[in-house]
Amino acid sequence: MTDGLRVEIDGPVATLTLDRPEALNALTVAVKVALRDALEAIAADRTVRAVILTGAGRGFCAGQDLAERDLPDAAPLDVELRERYNPIIRVLRSMGQPVIAAVNGVAAGAGASLAFACDLRIAATDARFVLAFGRIGLVPDSGATWFLPRLVGAARAAEIALVGDPIPAEEALRIGLVSSVVPADDLMTEARSLAGLLAARAPLALALTKSALERAATIDLEAALEGEAKLQGIAGASADHAEGLAAFRAKRAPRFTGS
Ligand code: LHQ
């Protein structure tokens with residue numbers, strides 16, 4: 001437990017819980033630093049194979065802690081983004097392990113961006129996404145303008161970002177923003193089950209797949225085809241690929257080691 005963030009490692013699955021329920025887990029400097037440190041440590045930990053990000057209480061994350069913005073030593077917004085938010089988004093995207101956002105309640109402002117930056121999102125029935133930036137005269141940040149069009153298409157992204165109406169969980173499911181919606185009481189069971197499934201996959205192949213998907217967003221088909229060939233060369237030479245083939249032939253479950 002550090003400064004509003006709970007870190008639990010259970011075998012190959014790490015669960016990060018934003019833990020300031022009284023403020024809907026709004027992000028203070030301490031939480032942002034703790035989250036970045038925890039993600040960087042997990043990224044370097046080969047024993048962790050899947051990550052869950054969730055929130056304590058009735059909210060997922062209400063974005064920037066607005067009370068902290070009133071403090072005399074609060075950094076200018078652009079500095080705060082460059083120094084505290086953007087590094088979190090970068091590590092979420094670059095770490096090899098898949099990250100699941102278990103969106104237990106409202107995800108607003110940079111809290112929504114955090115969920116968008118995860119690889120997979122599952123939501124509780126009463127979760128909602130709020131692009132709250134415009135309501136306080138700000139622009140979407142922490143990757144929201146990059147992730148949204150890629151997740152839901154340009155037209156829907158413009159509607160969400162400009163109009164800013166809350167998106168309830170069922171609507172988020174319909175437009176592809178989340179991959180499933182489950183009753184609140186089942187959310188963590190579902191998240192752990194999905195994490196367990198991912199943790200049983202070949203870690204190197206998952207990491208390479210993440211990097212291929214990331215790169216594909218900014219390159220043409222020719223470059224994507226060549227990039228896939230290069231990554232497949234790496235995956236194909238791995239012990240996990242040999243193990244996967246052996247397990248298939250022996251009709252047994254594979255035991256991947258990440259090498
Ligand atoms: C909060 C917050 C909050 C503190 C609820 N802070 N206490 C990056 C760079 C640097 C600076 C600028 O920003 C950014 C990116 C951003 O994230 S900008 C967007 C910042 N976030 C917002 O504008 C969201 C503000 N919150 C809301 O609009 C509502 O609270 C939502 C829609 C999230 C939830 O509404 P309700 O379910 O009705 O809950 P509530 O409003 O009653 O909030 C519950 C408590 O949480 C309440 O405290 P209280 O002591 O009255 O019970 C709120 O003050 C507190 N809280 N958000 N961001």
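When a ligand or atom number is given, it counts from 1 through the structure's own listing order. All residue numbers refer to positions in the sequence shown, counting from 1.
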### Heavy-atom protein contact below 4.0 Å for atom 54 (O) of ligand 1
no

### Closest protein heavy atom (residue, atom, distance) for atom 8 (C) of ligand 1
Asp141 OD2, 3.2 Å

### Query
Using a heavy-atom cut-off of under 4.0 Å, does the side chain or the backbone of Arg128 touch ligand 1, or both, or neither?
side chain

### Summary
Atoms of ligand 1 under 4.0 Å from any heavy atom of Tyr85, numbered from 1 in the order shown, are 8 (C), 9 (C)

### Query
From atom 58 (N) of ligand 1, is the closest protein heavy-atom distance below 4.0 Å?
yes

### Message
For the backbone of Val48 and the side chain of Gln97, can you confirm whether one donor and one acceptor N or O come within less than 3.5 Å of each other?
### Response
yes

### Message
Show me which atoms of ligand 1 lie under 4.0 Å from any heavy atom of Leu138.
### Response
12 (C), 13 (O)

#### Entry: Where Ala169 and Thr125 come nearest, the two heavy atoms and their spacing
CB-O, 3.5 Å

## Note on the structure
of all protein heavy atoms, closest to atom 28 (O) of ligand 1 is Ala132 CB, 4.9 Å

### Query
With respect to Met188, which candidate in Thr15, Thr17, Val182 satisfies the side-chain contact (heavy atoms from CB on, under 4.5 Å) definition?
Thr15

### Query
Are the side chain of Arg20 and the backbone N or O of Ala26 linked by a donor-acceptor pair below 3.5 Å?
yes

#### Entry: Exercise check, heavy-atom protein proximity under 4.0 Å to atom 46 (O) of ligand 1
yes

## Note on the structure
of all protein heavy atoms, closest to atom 30 (O) of ligand 1 is Leu24 CD1, 3.9 Å

### Query
Do any nitrogen or oxygen atoms of Ala62 lie less than 3.5 angstrom from nitrogen or oxygen atoms of ligand 1?
yes

### Query
To the nearest 0.1 Å, how far is atom 37 (O) of ligand 1 from its closest protein heavy atom, and which atom is that?
Arg58 NH1, 2.9 Å

### Query
For atom CG of Asp10, is the number of surrounding heavy atoms from other residues, nucleotides or ligands below 6.0 Å larger than 12?
no

### Task
Please indicate whether any nitrogen or oxygen in Gly63 is less than 3.5 Å from any nitrogen or oxygen in ligand 1.
no

### Query
Does the N or O separation between Arg69 and ligand 1 drop below 3.5 Å for any pair?
no

### Task
Answer whether the closest heavy-atom distance between the side chains of Gln64 and Lys32 falls below 4.5 Å.
yes

### Query
Do other residues, nucleotides or ligands put more than 12 heavy atoms under 6.0 Å from the CD atom of Glu22?
yes

### Query
Does the protein put a heavy atom less than 4.0 Å from atom 49 (P) of ligand 1?
no

### Residue among Trp146, Phe133, Phe147, Tyr85 satisfying side-chain contact (heavy atoms from CB on, under 4.5 Å) with Ser113
Phe133

### Task
Apply salt bridge (charged side-chain N to carboxylate O under 4.0 Å, His left out) to the pair Arg36 and Glu40, showing each step before the final yes or no.
CA-CA 6 Å; Arg36 176 186 179 171; Glu40 283 177 349; 3.2 Å; yes

### Message
If you scan the protein for heavy atoms around atom 17 (O) of ligand 1, do you find one that is closer than 4.0 Å?
### Response
yes

### Message
Do Leu92 and Leu114 make a side-chain contact, defined as non-hydrogen atoms from C-beta onward lying under 4.5 Å apart?
### Response
yes

### Query
Of the protein's non-hydrogen atoms, which lies at the shortest distance from atom 7 (N) of ligand 1, and what is that distance?
Ala23 CB, 3.9 Å

### Query
Nearest to atom 20 (C) of ligand 1 by heavy atom, Lys32, Gln64, Glu22, Glu68: which?
Gln64

### Summary
In ligand 1, the atoms that come under 4.0 Å of a heavy atom of Ala26 are 3 (C), 4 (C), 6 (N), 58 (N)

#### Entry: N-O pairing of Arg174 and Glu170 below 4.0 Å
no

### Query
Under 6.0 Å from the CD atom of Glu8, do we count more than 12 heavy atoms belonging to anything else shown?
yes

### Query
Is the closest protein non-hydrogen atom to atom 35 (O) of ligand 1 under 4.0 Å?
yes

### Task
Say whether Leu66, considering both its backbone and side-chain N or O atoms, lies within less than 3.5 Å of an N or O atom on ligand 1.
yes

### Query
What residue and heavy atom of the protein are closest to atom 11 (C) of ligand 1, and at what distance?
Leu77 CD2, 3.3 Å

### Message
Between the side chains of Arg252 and Glu243, is the shortest nitrogen-to-carboxylate-oxygen separation below 4.0 Å, so that they form an ion pair?
### Response
yes

### Query
Any protein heavy atom under 4.0 Å from atom 41 (O) of ligand 1?
no

